[in-house]
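The next block holds one structure in the form of structure tokens; read it before the comments.
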Amino acid sequence: METSATTIEWAMSELIQNPNVLRLAQEEVRQVFGDKRNVREDQLHELTYLDAVIKESMRMHPPAPVLLPRETRETVEINGFVIPAKTDSSYWIDPEKFYPERFLNSSIDYKGAHFEYIPFGAGRRICPGMFFGMANLQLGLANLLLHFDWKIPDGLQHLDLMEQSGLSVSSKKLLRLIPTVASN
Ligand code: HEM
């Protein structure tokens, strides 16, 4: 699915630019699966830090543009609920920072109950592929982190994370990274 591929690409882009987060995610994957040398689906739930990395990637780069960002221009009252103007930015501390830890020990999930975070939508039209999509992301990323070490090609200081809109919101520039087969 394009949404899953896009999310994996964004996650890898953020990980490579946040080496400390990459190291922690890689250590977790290798600790859980290192001795088996393969990622097992029945143990994906043990990857709590990787789960937070995926959530944080989808917070910063929601892959499905179906849900266009919405904000009120002025404070409004609907059925007794007061919606202050431009509410979005106050939900997250350091919203521009890639910080998966914000999802650890947090009740905020992607299942449509927390309206500040709805990468799969919410309500009756919520994505029916949500759990399949999450498993795909965990499986794909865990394999990339278990089997390979990653670096930015020589000469590139940092990645260009400009977005482009299509069916899903992907990076404008193709992500190019150099994998090395992990020695363990
Ligand atoms: C990272 C992966 C994915 C993300 C972020 C994602 C996100 C979304 C979003 C935001 C919507 C719109 C919800 C709304 O209108 O409120 C949606 C709808 C939908 N998604 Fe996904 N999706 C993903 C993976 C998948 C997969 C793997 C499948 C199928 C196997 C799938 C099938 C669908 C379908 C059929 C709809 C339309 C539902 C409807 O209109 O009733 N999605 N998805």
Side-chain angles (χ1 to χ4, degrees), residues 1-18 21-22 25-26 28-29 39-72 76 78-79 81 83 86-89 91-92 95-104 106-148 150 159 161-175 177:
M1 291 289 291
E2 191 180 332
T3 40
S4 305
T6 305
T7 307
I8 288 183
E9 194 175 346
W10 280 123
M12 288 302 291
S13 303
E14 290 292 353
L15 284 173
I16 204 78
Q17 298 207 112
N18 294 276
V21 178
L22 173 60
Q26 209 149 30
E28 181 187 66
V29 171
V39 175
R40 291 171 50 120
E41 274 180 60
D42 59 354
Q43 275 180 283
L44 284 176
H45 65 274
E46 291 177 36
L47 302 175
T48 45
Y49 192 71
L50 188 69
D51 189 57
V53 166
I54 293 170
K55 286 177 179 159
E56 179 69 338
S57 295
M58 291 196 295
R59 183 189 70 82
M60 291 187 73
H61 311 281
V66 192
L67 294 164
L68 297 172
R70 295 160 191 134
E71 62 185 20
T72 52
V76 287
I78 303 172
N79 287 346
F81 293 98
I83 317 232
K86 300 192 176 186
T87 45
D88 343 65
S89 59
Y91 282 116
W92 308 99
E96 300 295 322
K97 185 174 171 194
F98 186 75
Y99 182 59
E101 283 76 3
R102 72 177 83 242
F103 285 103
L104 297 177
S106 156
S107 64
I108 295 183
D109 215 323
Y110 47 79
K111 294 173 195 153
H114 301 96
F115 291 142
E116 69 272 43
Y117 183 64
I118 46 173
F120 292 98
R124 294 180 68 183
R125 308 312 293 261
I126 194 169
C127 174
M130 176 169 60
F131 295 112
F132 180 49
M134 275 305 283
N136 263 337
L137 299 176
Q138 290 167 331
L139 209 52
L141 275 169
N143 270 301
L144 292 177
L145 298 184
L146 177 66
H147 296 296
F148 301 98
W150 296 91
L159 301 173
L161 295 190
M162 186 95 92
E163 296 180 343
Q164 76 173 356
S165 278
L167 194 56
S168 60
V169 177
S170 56
S171 175
K172 200 165 186 177
K173 292 241 168 87
L174 263 186
L175 175 65
L177 297 178

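FYI, side chains are in, hydrogens and waters are out, and symmetry mates aren't considered; it's all heavy atoms of this structure. For ligands, and for the atoms within them, numbers begin at 1 and follow the listed sequence.
With hydrogens and angles disregarded, a donor-acceptor distance shorter than 3.5 Å links the side chain of Tyr117 to the backbone of Lys55. Remark: side-chain polar atoms of Asp51 are not paired, donor with acceptor, to backbone N or O of Leu47 under 3.5 angstrom. Without hydrogens or angle criteria, Gln26 side chain to Phe148 main chain gives a donor-acceptor distance under 3.5 Å.
The list of salt bridge (charged side-chain N to carboxylate O under 4.0 Å, His left out) pairs with a residue in residues 111-140, not counting sequence neighbours, reads Asp109-Lys111.
Between Arg124 and ligand 1, a contact under 3.5 Å exists for no N or O pair.
Comparing heavy-atom distances from atom 13 (C) of ligand 1 across Met130, Met134, Met58, Arg125 singles out Arg125 as nearest. Atom 37 (C) of ligand 1 has its nearest heavy-atom neighbour, among Ala135, Gly129, Gly112, Pro128, in Pro128.
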Give the C-alpha distance, both sets of side-chain angles, the deciding distance and a yes or no for side chain to side chain contact (heavy atoms under 4.5 Å, CB included) between Leu137 and Met58.
CA-CA 11 Å; Leu137 299 176; Met58 291 196 295; 4.2 Å; yes
Decide side chain to side chain contact (heavy atoms under 4.5 Å, CB included) for Glu14 and Val21; before the verdict, give the C-alpha distance in whole Å, the side-chain angles of both, and the deciding distance to 0.1 Å.
CA-CA 9 Å; Glu14 290 292 353; Val21 178; over 6 Å; no
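Interface atoms of ligand 1 facing Thr7, defined by a heavy-atom separation under 4.0 Å, are 1 (C). Under a 4.0 Å criterion applied to the non-hydrogen atoms of Gly121, ligand 1 contributes the atoms 10 (C), 13 (C), 16 (O). Of all the atoms in ligand 1, the ones that sit under 4.0 Å from a non-hydrogen atom of Leu137 are 1 (C).
Contact annotation for Phe120 and ligand 1: heavy atoms of both the backbone and the side chain come within less than 4.0 Å of the ligand.
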